[in-house]
Amino acid sequence: MTATDKKSLIENRVNEGLKGQWYPVAKSVEIKTTRPYGARLLGEKIVLWRDGTGKIACIEDFCPHRGAPLSYGEIHGGNIGCRYHGVIVNGEGVVERVPAMPDCALEGRKALTSYAVTESNDAVFVYVPSVDQPEPPELVMPKELRSDSWTGFLCTSIWETNHRYALDNLADPMHGCYLHAESFTLAYGSKQDLMKLDKTEHGFRVERVGQVGENFDWSEFEIHPGNMFCFLDIPYPPAAGPGGFMRIVGFVTPIDARTTKVFFWRLREVEGTARESWRFLYRAQLEENHWNVLEQDRVMLEGMPDDARKREMLYQHDLGVSRLRQMLTRAAKAQVEAEMKAAEVAAE
Ligand code: FES
Ligand SMILES: [Fe+2]
């Protein structure tokens with residue numbers, strides 16, 4: 001393999017999404033005992049459902065008989081039945097029964113890949129194994145989502161853009177006072193600044209030098225062995241009532257090289273009666289404002305060409321964007337090298 005081939009493998013891995021990661025794929029409430037849920041993750045079709053005990057199964061969305069989507073089928077006693085000719089597969093991807101054919105040899109065969117699944121804070125996470133990390137490490141959630149003093153709402157959205165652009169957008173606080181200049185919460189602060197970048201215990205923080213607490217002025221990325229996420233604060237203007245900033249925790253899931261699913265928890269640290277009044281105010285009023293802001297991001301990112309980064313000219317504000325890309329490329333390189341090595345060993 002030439003150096004150029006390897007470079008393009010690495011580039012493709014970043015584009016399609018890193019393996020060896022937990023990714024959120026759905027809200028918990030969307031996965032039911034009554035019908036299967038079809039999704040895509042890193043270009044692969046998967047299907048999820050809950051068995052009678054509430055446990056979630058996730059396997060390839062492909063019937064071992066002739067390839068029909070299992071997600072068009074139905075749940076039978078905790079297993080999934082194909083709509084086409086009735087073949088029943090369990091959560092491990094093993095054929096349980098072929099009802100149309102007595103004593104069929106397919107029964108008992110492990111036919112499909114199954115995935116590790118876990119739930120946290122109203123979201124369902126699926127682990128995509130990698131050659132160097134076949135077993136799922138612990139899913140590390142942000143501290144706000146492990147604490148009782150924070151409360152909030154999970155919102156998800158599908159964006160027709162590469163996941164890298166969604167990540168870049170989060171590593172770029174400077175867009176707040178421009179793209180969101182017309183919004184309810186982000187219309188404040190100065191439009192000129194420098195950026196700085198600091199290493200943190202598990203990642204990095206990028207922030208405006210001249211302003212903190214006025215607008216979307218900083219963001220932080222945490223990178224763990226099996227997942228990564230970002231968080232940032234949106235200060236509330238006085239019109240939003242009493243209380244501090246709103247914290248956004250974001251996870252970005254690559255559906256394929258052109259589609260992304262974003263998971264944002266919108267959180268506030270409020271307890272007692274203030275908590276209920278905030279939750280009420282959020283649903284009644286604030287949620288719509290936040291959707292409008294998110295739509296501004298979506299529309300902008302979807303409008304950018306897939307290969308924008310081949311022609312872009314970064315400047316000082318793009319420190320966070322550059323660091324993020326460096327990290328993704330480094331992780332992709334380690335994965336590609338591990339795969340090349342495994343292929344060599346297999347060929348010997
Ligand atoms: S394709 Fe699924 S049972 Fe035939
Ligand atoms: Fe934004």
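Order of appearance sets the numbers: ligands from 1, and atoms from 1 within every ligand.
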- Message: Given the ring of Trp218, does Arg208 sit roughly above its face, with NZ or CZ under 6.0 Å from the centre of the six-membered ring and within 45° of the axis?
- Response: no
- Between the main-chain N or O of Thr161 and the side-chain N or O of Thr260, is there a donor-acceptor pair closer than 3.5 Å? yes
- For His175, the N, O or S atom at the shortest distance from the Fe ion (ligand 2) is NE2
- Give the protein residues with at least one non-hydrogen atom closer than 4.0 Å to an atom of ligand 1, ordered by chain and number. Cys63, His65, Arg66, Ala68, Cys82, Tyr84, His85, Gly86, Val87
- Task: Would you please classify the geometry between the Phe153 ring and the Tyr282 ring as parallel, tilted or perpendicular, with 30° and 60° separating the classes?
- Result: parallel
- Message: Could you check whether any side-chain N or O of Ser219 sits under 3.5 Å from a backbone N or O of Leu170, counting only pairs where one atom can act as donor and the other as acceptor?
- Response: yes
- Query: Can a donor-acceptor pair be found between the side chains of Gln21 and Asn227 at a distance below 3.5 Å?
  - Reply: no
- Task: Check whether any side-chain N or O of Gln335 sits under 3.5 Å from a backbone N or O of Lys19 as a donor-acceptor pair, and report yes or no.
- Result: yes
- Item | Where at least one partner belongs to residues 23-36, residue pairs that pass side-chain hydrogen bond (donor to acceptor under 3.5 Å, both in side chains), sequence neighbours excluded | Ser28-Glu119
- Item | Apex the Fe ion (ligand 2) - arms NE2 from His180 and OD2 from Asp297 - angle rounded to 10° | 90°
